Visitor: 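Structure provided below as structure tokens; questions to follow.
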Amino acid sequence: MILNKKFYRHKTLRVAKNLIGKYLVREIDGKKLRVKIVETEAYLGKSDKASHAFKNKRTDRTKYLYRCGGTVYIYLIYGIYYCLNIVTSSVYKPHSVFIRAAEPIEGIKEMKQFRKKNINDLKELTNGPSKLCQSLKLDKTFNGKKVYNPDSELVIMSSENVEKNYKINKSPRINIDYAREDKDKKWRFYLSNSEFCSN
DNA sequence: CTACAGATGGCCT
DNA sequence: GGCCATCTGTAGG
């Protein structure tokens, strides 16, 4: 089942936690690529010094954060890599959940092709935000698309028949030392005991 | 195994 | 001009 629009219209910390264990499904050339989300981070907009939308900053890049929950926000980082976010909350709050890592489930052959490196170790496909974008062939053209829309090439699905009692840990977010007093907030969530988390 | 420098360009001041 | 929600190759223990 595709998660509906309402799923994203809640407090961002809750959505970040609830996204752990869900399936991210990418359709490309009739092939289905499926991964299980194992690591996320919450970015709380106006009041969060680590957020691109701190103080409600609105630019050509960040405008997608002001769309409805379930909208895709992808940005270029370090000139070469992409990072995936899912917008949450209401259109008045530019919040999002950053997807940091996942476990490859289906379409592994295709993911290996999209990553340029020769990968032997499965977790090297998706154990980082930009590795994930490479494996799923995601880029800025996905900006503004809706992950609750069945016609999208990128959707998020609930995981029925998968163990429901996930143990989820919290920690500070990664690589946001510039965020001063917000850098120690425990807004990163990850599936405990998963080898597929980032390092 | 860990440590670190370099890649590379859009974004924002 | 400086920074950046990253990754990789290489150097060294």
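Residue numbering restarts at 1 for every chain, and letters A, B, ... go by the order of the sequence lines. Quick caveat, the model's predicted, so the values are computed rather than measured.
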Visitor: Checking A:D184 now: which residues fulfil side chain to side chain contact (heavy atoms under 4.5 Å, CB included) with it, not counting sequence neighbours?
Guide: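 With neighbours one apart ignored, the set is empty.
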Visitor: Distance check, rounded to the nearest 0.5 Å: A:N169 atom CG versus A:K186 atom NZ?
Guide: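 If I round to the nearest 0.5 Å, the distance is 10.0 Å.
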Visitor: Roughly how many Å apart are C:dC3 and B:dA5, using the P atom of each and rounding to a whole number?
Guide: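 That atom pair is separated by 16 Å.
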Visitor: Is A:F196 close to A:L125 at the side-chain level, that is, under 4.5 Å between some pair of heavy atoms?
Guide: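 They are not in side-chain contact.
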Visitor: Calculate, to the nearest 0.5 Å, the distance between atoms CD1 and NZ belonging to A:I156 and A:K146 respectively.
Guide: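 Here the rounded value is 13.0 Å.
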Visitor: Which residue pairs pass the salt bridge (charged side-chain N to carboxylate O under 4.0 Å, His left out) test with at least one member in residues 63-87 of chain A, sequence neighbours excluded?
Guide: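 Matches after skipping sequence neighbours: A:D60-A:K63.
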Visitor: Give a yes or no on whether a salt bridge exists between A:D29 and A:K31, defined as a side-chain N under 4.0 angstrom from a carboxylate O.
Guide: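 Here A:D29 does not pair with A:K31 in a salt bridge, since their nearest N and O are not under 4.0 Å apart.
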Visitor: Would you tell me whether A:T12 and A:T88 have side-chain atoms, one donor and one acceptor, within less than 3.5 Å of each other?
Guide: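 A:T88 and A:T12 do have a side-chain donor-acceptor pair below 3.5 Å.
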Visitor: To the nearest Å, how far apart are A:I174 CD1 and C:dT6 P?
Guide: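 Checked: the CD1 to P distance equals 8 Å.
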Visitor: Of A:Y178 and A:R115, whose closest DNA chain C nucleotide lies nearer the 5' terminus?
Guide: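 Looking at DNA chain C, the more 5' nearest nucleotide goes with A:Y178.
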Visitor: If hydrophobic residues (ILVMFWY) are linked whenever their side-chain heavy atoms come closer than 4.5 Å, directly or via other members, who joins A:V91 in its cluster?
Guide: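 Grouped by the 4.5 Å side-chain rule, A:Y92 form the rest of the cluster around A:V91.
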Visitor: Between A:E39 and A:S198, does any side-chain donor sit less than 3.5 Å from a side-chain acceptor?
Guide: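 Looking only at side-chain atoms, A:S198 and A:E39 do form a donor-acceptor pair, the distance falling under 3.5 Å.
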Visitor: Only counting residues at least two apart or in another chain, list the ones meeting side chain to side chain contact (heavy atoms under 4.5 Å, CB included) with A:K46.
Guide: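 A:N56.
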Visitor: Given atom NZ of A:K49 and atom C1' of C:dC3, what is their separation to the nearest angstrom?
Guide: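 One finds 17 Å between C1' of C:dC3 and NZ of A:K49, rounded.
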Visitor: List in numerical order all residues of residues 72-85 of chain A for which some heavy atom is under 4.0 Å away from an atom belonging to DNA chain B.
Guide: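 The stretch gives A:L76, A:Y78, A:G79, A:I80 as the residues lying under 4.0 Å from the strand, ordered by number.
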Visitor: For the pair A:K145 and A:D151, find out whether any cationic side-chain nitrogen is under 4.0 Å from an anionic carboxylate oxygen.
Guide: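 Here A:K145 does not pair with A:D151 in a salt bridge, since their nearest N and O are not under 4.0 Å apart.
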Visitor: Send over the distance from A:N120 CG to C:dT8 P, rounded to a whole Å.
Guide: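 Computing the A:N120:CG to C:dT8:P distance gives 13 Å.
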Visitor: Please write out each protein N/O paired with an N/O of nucleotides 11-13 of chain B under 3.5 Å, distance rounded to 0.1 Å.
Guide:
residue: B:dC12; atom: OP1; partner: A:T59; partner atom: OG1; Å: 2.5
residue: B:dC12; atom: OP2; partner: A:T59; partner atom: OG1; Å: 3.3

Visitor: So if I take residues 88-102 of chain A and measure heavy-atom distances to DNA chain C, which residues fall below 4.0 Å?
Guide: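 A:F98, A:R100, in order of number.
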Visitor: Between P on C:dC7 and CD1 on A:I119, what's the gap in Å once rounded to a whole number?
Guide: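 Spelled out: CD1 on A:I119 to P on C:dC7 is 11 Å.
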Visitor: Please name all residues satisfying ring-ring contact (aromatic ring centres under 6.0 Å, His included) with A:Y148, sequence neighbours left out, ordered by chain then number.
Guide: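 With neighbours one apart ignored, the set is empty.
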Visitor: Quick one, which residues of residues 105-113 of chain A touch DNA chain C with a heavy atom under 4.0 Å?
Guide: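 Per residue number, the list is empty: none.
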Visitor: Between the protein and nucleotides 2-4 of chain B, which nitrogen or oxygen pairs are less than 3.5 angstrom apart?
Guide:
none

Visitor: Identify the two heavy atoms, one from A:C83 and one from A:F98, that lie closest to each other, and give their separation to 0.1 Å.
Guide: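 In this case the closest contact between A:C83 and A:F98 is CB-CE1, 3.4 Å.
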Visitor: For DNA chain C, which residues in residues 122-134 of chain A have a heavy atom at a distance below 4.0 Å?
Guide: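 A:G128, A:P129, A:S130, A:K131, in order of number.
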Visitor: Apply the test side-chain contact (heavy atoms from CB on, under 4.5 Å) to residues A:Y66 and A:Y64: give CA-CA distance (whole Å), side-chain angles for both, the deciding distance (0.1 Å), then the verdict.
Guide: CA-CA 5 Å; A:Y66 297 81; A:Y64 301 102; over 6 Å; no
Visitor: So how far is it from A:Y23 OH to A:S158 OG, rounded to the nearest 0.5 Å?
Guide: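 Separation between the atoms: 9.5 Å.
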Visitor: Roughly, in whole Å, what's the span from NZ in A:K117 to P in C:dT10?
Guide: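 Those two atoms, NZ and P, are 11 Å apart.
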Visitor: Could you check how far CZ of A:F54 sits from P of C:dC3, rounded to whole Å?
Guide: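 Taking atom P of C:dC3 as the reference, CZ of A:F54 is at 18 Å.
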Visitor: Determine which bases of DNA chain B form Watson-Crick or G-U wobble pairs with both distances under 3.5 Å, and write the result as a 5' to 3' dot-bracket string with | for other-strand partners.
Guide: |||||||.||||.
Visitor: State whether A:K32 and A:E27 are salt-bridged, where the test is any N-O pair (Lys NZ or Arg NE/NH1/NH2 against Asp/Glu carboxylate O) under 4.0 Å.
Guide: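 Salt bridge between A:K32 and A:E27, a charged N being under 4.0 Å from a carboxylate O: no.
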Visitor: Provide, to the nearest angstrom, the distance between the CG atom belonging to A:L65 and the P atom belonging to C:dA5.
Guide: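 A:L65 atom CG is separated from C:dA5 atom P by 13 Å.
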Visitor: Do you know which two heavy atoms are closest between A:T62 and A:K57, and how far apart they sit?
Guide: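 So the two residues come closest at OG1-O, 3.2 Å.
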Visitor: Would the A:Y43 and A:H52 ring centres measure less than 6.0 Å apart?
Guide: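 Centroid distance A:Y43-A:H52: not below 6.0 Å, so no.
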